[in-house]
Amino acid sequence: MLSKREVFDGVPEEYLSHKERYENAIRNSVVAFSLVRKMQEEGKTSINNYRDVVGGLLGSSVLRDGSPLGLHYIMFMPAILNQANEEQQEKWLPRAWNCSIIGSYAQTELGHGTFIRGLETTATYDAATKQFVLHSPTLTAYKWWPGGLGQTANYCIVVAQLYTKGQCHGIHSFIIQVRDEETHMPLPGIKIGEIGAKLGLNAVNNGFLGFDNYRIPRTNMLMKHAQVLEDGTYVKSRHSKLNYGAMVFVRVVIVFDMVNYLSKAVTIATRFSAVRRQCQLKAGETECQILDYVTQQHKLFVSIAAAHAFRITANKLWLTFNEVNEQLVEGNLQRLPELHALACCLKAVTTADTAACVERCRLACGGHGYMMSSSLPLTYGLVTAACTYEGENTVLLLQTARFLVKTYQQLDSKALTPTVAYLKTAAAERFCVGWSNTTEGIIRGFQVVAMRVIIMSTFNEEVQEMSRTVSPQLKEVLHQLVDLYCTYWALEKLSDLLLYTPISQKEVESLRLRYEETLTNLRPNAVGLVDAFDLRDEMLQSTLGSYDGRVYERLMEEAMKSPLNAEPMLQSTLGSYDGRVYERLMEEAMKSPLNAEPVNYTFHKYLKPFMQGKL
Ligand SMILES: CCCCCCCCCC/C=C\CCC/C=C/C(=O)SCCNC(=O)CCNC(=O)[C@H](O)C(C)(C)COP(=O)(O)OP(=O)(O)OC[C@H]1O[C@@H](n2cnc3c(N)ncnc32)[C@H](O)[C@@H]1OP(=O)(O)O
Ligand SMILES: Cc1cc2nc3c(=O)[nH]c(=O)nc-3n(C[C@H](O)[C@H](O)[C@H](O)COP(=O)(O)OP(=O)(O)OC[C@H]3O[C@@H](n4cnc5c(N)ncnc54)[C@H](O)[C@@H]3O)c2cc1C
């Protein structure tokens, strides 16, 4: 059994080189995911409910900057579950589940990420040999970004344009072996490596992949929805977008991920704000806690409310996802467009808001928030990536807008699905008959705004659910959070409300007062509310947010760990670009020390024994 997390001579991750970071990540990941395998053996997790277990590990301090094995669980396995037929699931799932193969998900290319119908990788069926020929016709056709593909995965799901009998049938998914299972060397016809250093997630080992007329068996096309028969006949799917299912799943999962990161960041910033004393409220008094400043409360408290709002929303979205998928299995596709629009909208909104809130938490901690040891810069790097991956936010909001406009156009002719039923009410009231400065009044106002501009998603507060299951005291605080969240956004989006609702100047002024009252009312419970997230210090990994409040001692202890305090100079900088983007990106990628060797030693020392169940 491997010892717990090893680091180089006690040097924290921040001071490791790019290569050392990867080697450290492999070591930590095989230890962490051996736990998942142990839980499988003890029946404590299964192929259909491992989200929480893997999610907990990926958000933990052990894998704090991602894992080369993350995509295996996040997309490789869900894609097999979602797009492989039964025979293929029987063949591939057991090996994926016990990690005797490690997979990734290769869709994005150097030249295309958003417009997936424009992907260039081709899979051309050869009926004579009953094989598909995978090929990257241009440099821009190289797969670029797949997590774990650089040096770790030996299989991946590849999304390519399917050609058979001379005709293109659009993008489909294929399971493809890219490395030898014994030697881990890239297979003939495969060009593969890692793409280089990034803003964050530098332990994920994102890779590139090019095909040179690479042949795979016909049965490696995932054929749950569409098929290619032995003679090359194409059988199309019931719905052209069923192949997009893996992306919908991850968008749903990302909403849960944002809850975890936002809870961490606001816990760190709120606790630090209770410890930090700076300036005086009245001359001659002792310096006050910065948490007592209304400006500090304005920065932080809405993040506490948002963490709860996102958690409730994530749970509701997960229920919807499972409901719709059960209907898909029965052949009922009626709610697929609603699920797609909902997943797009909530992934975009929660990632954008979380990135903004985490940055605001950092700013609320002054210089100490800028220290890597605070864990806030790392958290920001993780959440801001989520605004891009799994569908760039702008593009996903446009997908939601497309669905809402279509829904509005069919308002009188079609029954509305549950999450857009409010449009009927808002339409009936036309211009929001009256404004009231209550939670319900604000929600109704936004429904009217949404109605009017058809691109705002509405906010479904689960207030009733809280009143059934919580004590009067907790209900009061949770209602304060609901009030805060609604009045905050009413004030943030005041221009829309002024444009589309009859809110008066007087009501705006009282809304402002109500907002400040709510901040004051929440202040006594602020630390208790973040303590309620129950995030252990090991999870937070932050000098500012530790439970014991020993901020300064911890800052100094961490500072003394820097090798710069022991040695003169480290580091160097990289060159800049001349505008030849794709060639330069590839040239930069090839500079990575990881690409200097065909197989990193950690494969033979850690990964292979892990995959063979020998750890
Ligand atoms: C299990 C373990 C869990 C552990 C938890 C730990 C947390 C981890 C969190 C995640 C961490 C890291 C993961 C990072 C990994 C990143 C992976 C990737 O980034 S993979 C690549 C992702 N790429 C994209 O998302 C591409 C974005 N682009 C698209 O999706 C499409 O191009 C789109 C939708 C923008 C346009 O598609 P298309 O051009 O084909 O469609 P149209 O716009 O013309 O619309 C036509 C029609 O189709 C409907 N539609 C579109 N998409 C879907 C869909 N997915 N499902 C259903 N329907 C869809 C659309 O609504 C239109 O319908 P219509 O009725 O005609 O209006
Ligand atoms: C950390 C990370 C991990 C990733 N992991 C994976 C992975 O494992 N597998 C994988 O396949 N991919 C992965 N990706 C790739 C990711 O899915 C793409 O980056 C994403 O889909 C955006 O595509 P792009 O980067 O090509 O940007 P583009 O699609 O080129 O978009 C660039 C910008 O153009 C604008 N734009 C584009 N299209 C439109 C439009 N229709 N309307 C308006 N504006 C538009 C937007 O402002 C957008 O930000 C990862 C990316 C990151 C950052």
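Numbering of ligands and ligand atoms starts at 1, following listing order. We number each residue from 1, following the sequence as shown. Keep in mind that what you see is a predicted model, and the values were worked out from it rather than measured.
Of the listed options F115, Y389, Y105, W145, Y389 places a heavy atom closest to atom 13 (C) of ligand 1. The residue from M77, H340, Q107, R251 that puts a heavy atom closest to atom 30 (O) of ligand 1 is R251. For atom 17 (C) of ligand 1, the choice among M247, E390, E392, Q399 with the nearest heavy atom turns out to be E390.
Applying the ring pair (Phe, Tyr, Trp, His ring centres under 6.0 Å) test to H308 and every residue at least two apart in sequence or in another chain returns F533. Under the ring pair (Phe, Tyr, Trp, His ring centres under 6.0 Å) criterion, F132 pairs with Y125, F174, not counting sequence neighbours.
With hydrogens and angles left out, the side-chain atoms of E194 and H18 include a donor and acceptor closer than 3.5 Å. A side-chain donor from one of N595 and Q151 sits under 3.5 Å from a side-chain acceptor of the other. Side-chain contact, Q177 with Y155: a donor N or O sits under 3.5 Å from an acceptor N or O.
Residue pairs meeting the side chain to side chain donor-acceptor pair (under 3.5 Å) criterion with at least one member in residues 66-78, sequence neighbours excluded: S29-S67.
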Measure from every N or O atom of ligand 2 to the protein's N or O atoms and keep only the pairs below 3.5 Å, writing each with atom names and distance to 0.1 Å.
unit_1, atom_1, unit_2, atom_2, d
ligand 2, 8 (O), G147, N, 3.1
ligand 2, 9 (N), Y105, O, 2.9
ligand 2, 11 (O), Q107, N, 3.0
ligand 2, 11 (O), T108, N, 2.9
ligand 2, 11 (O), T108, OG1, 3.2
ligand 2, 12 (N), T108, OG1, 2.8
ligand 2, 17 (O), T108, OG1, 3.4
ligand 2, 26 (O), G113, N, 3.1
ligand 2, 29 (O), T114, N, 3.0
ligand 2, 29 (O), T114, OG1, 2.5
ligand 2, 49 (O), E392, OE2, 3.4

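Using a 4.0 Å cut-off between heavy atoms, M75 contacts ligand 1 through its side chain alone, with no backbone atom that close. Under 4.0 Å from ligand 1, not a single heavy atom of L339 appears. Neither the backbone nor the side chain of M258 has any atom closer than 4.0 Å to an atom of ligand 1 (non-hydrogen atoms only).
For ligand 1, the atoms sitting less than 4.0 Å from at least one non-hydrogen atom of Y73 are 1 (C), 2 (C), numbered in the order shown with element in parentheses.
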